There are 2 protein chains.
Amino acid sequence: MNVANPRFDVYEDRCPTRLVLDRLADKWALLLMLRLTDGPLRFNQLKRDIKGISQKVLSQTLKKLERDGLVTRTVYPTVPVTVEYALTPLAATLREPVEALTRWAETHMPAIAAAQQAYDAGIETR
Amino acid sequence: MNVANPRFDVYEDRCPTRLVLDRLADKWALLLMLRLTDGPLRFNQLKRDIKGISQKVLSQTLKKLERDGLVTRTVYPTVPVTVEYALTPLAATLREPVEALTRWAETHMPAIAAAQQAYDAGIETR
DNA sequence: CGGCATCCATACCGATACTG
DNA sequence: CAGTATCGGTATGGATGCCG
């Protein structure tokens, strides 16, 4: 990612897998989309739900997702203003593979934790 | 990720999905495992194959994967020394969901690119 | 409420030099 | 070959203050 362009980064070539991996390899992006699968949510609602995310990063991440066509941003002219974020049909197609991944995560978390403990123990006594 | 601990980061609580997402949300980690699915490879071979990765980052990433029990590191006492990295059975179970994700990436890359262009065009003329 | 602008700390990453 | 150590620039993220 560069910042030369004041707008957004321009990705210079490379294979498509690499490009998309670059985007999906974002902790918050996946988490956000997961949270939105049940329906649209407002900005501060997301901020509350996804504990630990700052408003700055939330804002940035939503903007990226919007640019990638994965999320829509709808403004309702209430007072004060209401903004809703929702998944697009494109994002809906992403749901299955992402859920497969989270299922894997939940299933194998214990194995990973065990591997870490073994690894760390091995280093301690070296 | 912190660096307070000279060893590795200690993750303080949170849900498992979050923890694992933290690890998988790593461009190089996914790429590396993808490259290793065809069989074990040596350090410099990986460095050559995964174009753009520095030897420092490669080393760090492999170490993380090893700690998580996803990759094994085997040293053969040749001269000079030979080191092979291979996926573990645990990593093999990760293969399917990851490939589903990359299939999605390749399929929907055009749609994403189109969405970006539309988005950027909209901003230009604002 | 839903942000953006700014400031500041630090995490990260590449380049380089050195070692078993 | 397969790394580790160090240094310096940069990108990133949190905290704060302000605005429509």
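Just so you know, these numbers use all the heavy atoms, side chains as well, and skip hydrogens, waters and symmetry mates. Not measured: the values here are computed from a predicted model. Order of the sequence lines fixes the chain letters, A, B, ..., with proteins taken first and strands second; residue numbering starts at 1 for each chain.
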Could you pull out all donor-acceptor pairs under 3.5 Å where a side-chain atom in residues 31-43 of chain A meets a protein atom, sequence neighbours excluded?
from    : atom 1 : to      : atom 2 : distance (Å)
A/Arg35 : NE     : A/Asp49 : OD2    : 2.9
A/Arg35 : NH2    : A/Asp49 : OD2    : 3.0
A/Thr37 : OG1    : A/Leu34 : O      : 2.7

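- Taking atom CD1 of residue B/Ile53 and atom C1' of nucleotide D/dG3, one finds them 14 Å apart after rounding to whole Å.
- Distance B/Leu58 CG to D/dC1 C1': 13 Å, rounded to the nearest Å.
- Going from atom CG of A/Asp26 over to atom P of C/dC12 covers 14 Å, rounded to whole Å.
- Interatomic distance, NE2 of A/His108 versus CG of B/Asp68, reported as 13.5 Å (0.5 Å rounding).
- One atom, NZ of B/Lys51, and another, P of C/dG14, lie 14 Å apart when rounded to the nearest Å.
- In this structure, CD in B/Glu106 is found 11.0 Å from CG in B/Leu101, a value given to the nearest 0.5 Å.
- Considering only residues two or more places apart in sequence or on other chains, B/Trp28 meets the ring pair (Phe, Tyr, Trp, His ring centres under 6.0 Å) condition with none of them.
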- Dump the intermediate steps for side chain to side chain contact (heavy atoms under 4.5 Å, CB included) on B/Leu62 and B/Leu46, then the final yes or no. CA-CA 10 Å; B/Leu62 284 171; B/Leu46 279 170; 4.2 Å; yes
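- Residue B/Ile50 holds its CD1 atom at 10.0 Å from CD of B/Gln45, rounded to the nearest 0.5 Å.
- Atom-to-atom distance recorded for B/Gln60:CD and B/Ile53:CD1 is 9.0 Å, nearest 0.5 angstrom.
- The side chain of A/Lys63 places an N or O atom within less than 4.0 Å of a non-bridging phosphate oxygen (OP1 or OP2) of C/dC4.
- Shown for residues 74-85 of chain B: residues whose heavy atoms fall under 4.0 angstrom of DNA chain C, namely B/Val81.
- Note that CG of B/Leu58 and NZ of B/Lys63 are 11.0 Å apart. Values are rounded to the nearest 0.5 Å.
- For C/dG2, the OP1/OP2 oxygens have no side-chain nitrogen or oxygen of A/Arg73 closer than 4.0 Å.
- Residue A/Trp28 contributes atom CH2, which lies 10 Å from atom P of D/dG13 at whole-angstrom precision.
- Atom CD1 of A/Ile50 and atom P of C/dG2 are 15 Å apart (whole Å).
- We find that CD of B/Gln60 is positioned 8 Å from C1' of C/dC12, with the value rounded to whole Å.
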Could you list all N or O pairs between the protein and nucleotides 17-19 of chain C that sit under 3.5 Å apart?
none

- Task: Check the pair A/Leu90, B/Ile112 against side chain to side chain contact (heavy atoms under 4.5 Å, CB included), reporting the backbone distance first and the verdict last.
- Result: CA-CA 9 Å; A/Leu90 177 60; B/Ile112 291 183; 4.1 Å; yes
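- Judged by distance alone, with hydrogens and angles left aside, the side-chain atoms of B/Thr88 form a donor-acceptor pair with the main-chain N or O of B/Gly69 at under 3.5 Å.
- Here C/dC13 is the nucleotide among C/dC13, D/dG3, D/dC1 with the atom lying nearest to any side-chain atom of B/Val57.
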- Task: Starting from the C-alpha separation in whole Å, work towards a yes-or-no answer on side chain to side chain contact (heavy atoms under 4.5 Å, CB included) for A/Glu66 and A/Thr72.
- Result: CA-CA 6 Å; A/Glu66 193 191 350; A/Thr72 56; over 6 Å; no
- Task: Please assess B/Thr61 against B/Lys64 for the test side chain to side chain contact (heavy atoms under 4.5 Å, CB included), listing each intermediate value before the final yes or no.
- Result: CA-CA 5 Å; B/Thr61 307; B/Lys64 279 192 215 169; 5.6 Å; no
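- Considering CG of B/Leu94 and CH2 of A/Trp104, their distance stands at 4.5 Å, rounded to 0.5 Å.
- Within a heavy-atom distance below 4.0 Å of DNA chain D, no residue of residues 33-42 of chain A is found.
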Could you go over nucleotides 6-8 of chain D and give all protein N or O partners under 3.5 Å, atom names and distances?
none

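- One finds no side-chain N or O of B/Ser54 lying less than 4.0 angstrom from the OP1 or OP2 phosphate oxygen of C/dA15.
- Side-chain atoms of B/Val71 and B/Leu87, non-hydrogen and from C-beta on, do get closer than 4.5 Å to each other.
- Computed from coordinates, the A/Asn44 CG to C/dC4 P distance equals 13 Å when rounded to whole Å.
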